[in-house]
2 protein chains.
Amino acid sequence: MAPSLKPEISSAEFDVLDVIWDDHPVTSSEVVNRLNERKPWHDKTVKTLLGRLVKKQVLGFEKRQRQYLYHPLIARELYAEKETQHFVKRLFKGKVAPLVAGFANQSNLSKQDVDELKAFIEAWENKHD
Amino acid sequence: MAPSLKPEISSAEFDVLDVIWDDHPVTSSEVVNRLNERKPWHDKTVKTLLGRLVKKQVLGFEKRQRQYLYHPLIARELYAEKETQHFVKRLFKGKVAPLVAGFANQSNLSKQDVDELKAFIEAWENKHD
DNA sequence: AATTATTGATTACAGATGTAATCTAAAAGA
DNA sequence: TCTTTTAGATTACATCTGTAATCAATAATT
């Protein structure tokens, strides 16, 4: 599937944004380096993606001499939350529990994952009593 | 964002597939009718999408006279689970708990949602003790 | 039987996406 | 200073996607 929200971010663009979220501001060559670990992309390709992200107002930059220092204009958490809304709505009629159940059905949940879920629920219940 | 798994299903294609999952087998005109409630698509458009889904081997069909009766070749649950794996991995480093927390942060979880989560957890713990 | 409507097949066409190559100006090196 | 490298800007190009229109065969109508 795939489509999503406001500034539509493509898959390849997301990979670029992801390493920028990790640490910024960052130059394009540093982005290329970070991506090299995972993606066999030509630096021209990465530069194209950076340009598209800037045009989409997902990234901002400042010039330092001849280079650009890129930084995200959207927080990772907010982006993830918005995508999650969309995802849960489309695939699970807006219900998270079935998502979690289906998830557990494919990947093996660890005890820690479950404990985290329990902790979350407990916190939620304390707040909403 | 968006990309996903094996038979890449686009957003518009997913809308078509979704109503077919609801009930099948189904003719193209019935698909058009079901979609009309939500999407203002021309029937030619829907037919194009049906053809693409067949080519991608997401839908199968049988001929009845001159018409086709379409049916899904992939189960909704399995598709949803695979997409979920992918989604959780990319946006939440493979951890569901943060997804749930972020989800609750945007949409309001109902008590029922939380109860469902608790029920799931309890079942999980009974099985994995 | 002739005409019209319907169904699927083929074709269309602009914008998005993946993946670069080329061009241009500036910086770095010889 | 002349040459080479590098950074970003512009251009390229095939495929995918959204959104149909046209064509050909068949079924339904008049």
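Chain letters run A, B, ... following the sequence lines, proteins first, then strands; residues in each count from 1.
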Once you round to the nearest 0.5 Å, how far does CG of B:Leu117 lie from CG of A:Leu117?
6.5 Å

Examine D:dA7: is either OP1 or OP2 under 4.0 Å from a nitrogen or oxygen in the side chain of A:Thr27? Give yes or no.
no

Could you tell me whether the side chain of B:Trp124 and the main chain of A:Ala101 form a donor-acceptor pair under 3.5 Å?
no

With A:Arg52 via side chain to side chain donor-acceptor pair (under 3.5 Å) - residues at least two apart
none

Under 4.0 Å between a side-chain N or O of A:Tyr68 and OP1 or OP2 of D:dA9?
yes

State whether A:Thr45 places a side-chain N or O below 4.0 Å from either non-bridging phosphate oxygen (OP1 or OP2) of C:dG18.
no

In whole Å, I'd like the distance from the CG atom of B:Leu50 to the P atom of C:dT10.
15 Å

A:Asn33 CG to D:dT6 P, straight-line distance once rounded to whole Å:
12 Å

Of the listed nucleotides D:dA21, D:dG18, C:dA25, the one nearest the side chain of B:Ser11:
D:dG18

Which is more 5' along DNA chain C, the nucleotide nearest A:Gln65 or the one nearest A:Glu13? Just name the residue.
A:Glu13

Could you tell me whether the side chain of A:Lys44 has a donor or acceptor atom within less than 3.5 Å of a complementary atom in the base of C:dT19?
no

Pick from A:Leu59, A:Leu17, A:Leu53: which one makes a side-chain contact (heavy atoms from CB on, under 4.5 Å) with A:Tyr70?
A:Leu59

So, does A:Asp113 use its side chain to make a donor-acceptor pair with the main chain of A:Ser110 at under 3.5 Å?
yes

Closest to side chain of B:Trp41, choosing from D:dA20, D:dG8, D:dT17
D:dA20

Value in whole Å for how far the P atom of C:dT24 lies from NZ of A:Lys47:
18 Å

Tell me which nucleotide among D:dG8, D:dA21, D:dT6 gets nearest to the side chain of A:Arg66.
D:dT6

With the side chain of B:Thr48 defined as its heavy atoms from C-beta on, choose the nearest nucleotide among D:dT17, D:dA20, C:dA20.
D:dA20

As a check of understanding: the bend across the helix from C:dA1-D:dT30 to C:dA30-D:dT1, end axes from five pairs, rounded to 10 degrees, works out to 10°

B:Arg64 has an atom CZ; how far is it from atom P of C:dT6, in whole Å?
16 Å

In this structure, how many angstroms lie between the C1' atom of D:dA7 and the OH atom of A:Tyr70, rounded?
9 Å

Between P of C:dA20 and CG of A:Leu35, the distance in whole Å
13 Å

Classify the side-chain pair A:Gln85/A:Glu81 by whether it contains a donor and acceptor separated by less than 3.5 Å.
no

Taking only side-chain nitrogens and oxygens of A:Ser29, does any of them come within less than 4.0 Å of OP1 or OP2 of D:dT6?
no

Taking the side chain of B:Leu49 as heavy atoms from C-beta outward, which of D:dG18, C:dA25, D:dT26 is closest to it?
D:dG18

Is A:Lys56 touching bases, backbone alone, or none of the nucleic acid, heavy atoms closer than 4.0 Å?
sugar-phosphate

Whole angstrom value for the distance that separates C1' of C:dA12 from NE2 of B:His42
14 Å

Show the numbers, then the answer: is there a salt bridge (charged side-chain N to carboxylate O under 4.0 Å, His left out) between B:Asp15 and B:Lys39?
CA-CA 9 Å; B:Asp15 285 325; B:Lys39 299 280 174 176; 3.3 Å; yes

Between A:Leu53 (CG) and D:dG8 (C1'), how many Å, whole number?
15 Å

Closest of D:dG18, D:dG8, C:dG18 to the A:Arg52 side chain is C:dG18

Taking B:Arg90 for the side chain and A:Ser11 for the main chain, is one N or O donor matched with an acceptor at less than 3.5 Å?
yes

